[in-house]
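Only one structure is covered here, and it is reproduced in the block below.
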Amino acid sequence: MHDLRLEPLAPSLDDYLELRRASGLTPKRSDQGAPALANSWAWRRIVDATGRSIAMGRVVGDGGWYFLIADMATLPEYQRRGLGRRILEDLLAEIRAKAPEGAYVTLLADPPGQALYRSLGFTEPTTGSVTMHLLLEH
């Protein structure tokens with residue numbers, strides 16, 4: 001893994017779309033991916049020796065109290081090597097360094113990532129809150 005680099009940058013649009021698809025996340029279109037690349041609070045990617053993004057994660061947030069971890073994805077051939085942990089730890093370090101005390105960090109934990117998230121202190125709400133969503137269709 002000596003030829004892999006962690007960078008505080010977004011992947012290219014093509015790499016973003018491929019990482020989502022190949023890792024099993026819901027595939028997105030270019031018109032969905034481009035704004036995600038431009039409007040996130042923070043990005044991390046791991047690139048191989050050729051500069052191709054092989055893992056990524058980002059934070060969507062207001063910079064004050066609310067931060068959402070999103071798009072945690074690693075190409076299948078690089079999974080189970082600690083790359084997702086490396087990305088998430090680095091994103092959390094940036095939030096800790098820049099956010100005011102009491103910031104709220106949340107994420108949607110798909111089954112493959114739940115052990116990682118728990119190991120870094122994420123817990124399920126005990127307030128009775130649940131994750132809800134609305135998929136907009138035109």
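Small disclaimer: the values here were computed from a predicted structure and weren't measured.
- Contact of the Gln114 side chain with the Phe122 side chain is not registered, since no non-hydrogen atoms from C-beta on lie closer than 4.5 Å.
- Residues Val59 and Leu25 are members of separate hydrophobic clusters, defined by side-chain heavy-atom contacts under 4.5 angstrom among Ile, Leu, Val, Met, Phe, Trp and Tyr.
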Report the C-alpha distance between Leu75 and Arg52 in whole Å, list the side-chain angles of each, state the deciding distance to 0.1 Å, and finish with yes or no for side-chain contact (heavy atoms from CB on, under 4.5 Å).
-> CA-CA 11 Å; Leu75 291 176; Arg52 177 180 68 141; 3.5 Å; yes
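- Judged by distance alone, with hydrogens and angles left aside, the side-chain atoms of Asp110 form no donor-acceptor pair with the main-chain N or O of Pro112 at under 3.5 Å.
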Can you check side-chain contact (heavy atoms from CB on, under 4.5 Å) on Arg44 and Glu94, steps first, answer last?
-> CA-CA 10 Å; Arg44 292 298 182 281; Glu94 183 169 350; 2.5 Å; yes
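- With a 4.5 Å cut-off on side-chain heavy atoms, Thr26 and Lys28 count as touching.
- The backbone N or O of Arg81 lies less than 3.5 Å from no partner atom in the side chain of Arg85, so there is not a single donor-acceptor pair.
- Two residues are said to be in side-chain contact when any heavy atoms from C-beta on lie closer than 4.5 Å; Val47 and Leu4 fail this criterion.
- Contact between Leu13 and Ala34 at its shortest, heavy atoms only, is CD1-N, 3.7 Å.
- Hydrophobic clustering keeps Tyr66 apart from Tyr117 (ILVMFWY residues linked when any side-chain heavy atoms are closer than 4.5 Å, directly or through intermediates).
- The two atoms that bring Phe67 and Ala103 nearest to each other are CE1-CB, 3.7 Å, heavy atoms only.
- With rounding to the nearest 0.5 Å, the separation of OG1 in Thr50 from CG in Asp3 is 9.0 Å.
- Arg118 and Glu124 are joined by a salt bridge, as a carboxylate oxygen and a charged side-chain nitrogen come within less than 4.0 angstrom of each other.
- For Arg58 against Val60, the heavy-atom pair with the smallest separation is NH1-CG2, 3.4 Å.
- With contacts defined as side-chain heavy-atom distances shorter than 4.5 Å, the pair Trp43/Glu7 does not qualify.
- Ser30 approaches Leu17 most closely through the heavy-atom pair OG-CD1, 3.6 Å.
- The side-chain heavy atoms of Leu68 and Trp41, taken from C-beta on, include no pair separated by under 4.5 Å.
- Between Gly33 and Tyr16, the shortest heavy-atom distance links the atoms CA-CE2, 3.6 Å.
- For Asp48 (side chain) and Gly51 (main-chain N/O), a donor-acceptor pair under 3.5 Å exists by modelled atom type.
- No side-chain donor-acceptor contact under 3.5 Å links Glu89 to the backbone of Arg86.
- A donor-acceptor pair under 3.5 Å is formed between the side chain of Gln79 and the backbone N or O of Thr74.
- Checking side-chain atoms of Ser12 against main-chain N and O of Asp15 turns up a donor-acceptor pair under 3.5 Å.
- A salt bridge links Arg20 with Asp71; the closest basic N to acidic carboxylate O contact falls under 4.0 Å.
- Side-chain atoms of Ser129 never come within 3.5 Å of backbone atoms of Pro125 as a donor-acceptor pair (strictly under, hydrogens ignored).
- Scanning both residues, Ala55 and Leu83, for their nearest heavy atoms gives CB-CB, 4.3 Å.
- Between Leu92 and Val105, the closest side-chain pair of non-hydrogen atoms falls below 4.5 Å.
- In the hydrophobic clustering of ILVMFWY residues, with side-chain heavy atoms under 4.5 Å counting as a link, Leu9 and Met56 come out apart.
- Side chains of Ile69 and Thr106 form no contact here, defined as non-hydrogen atoms less than 4.5 Å apart.
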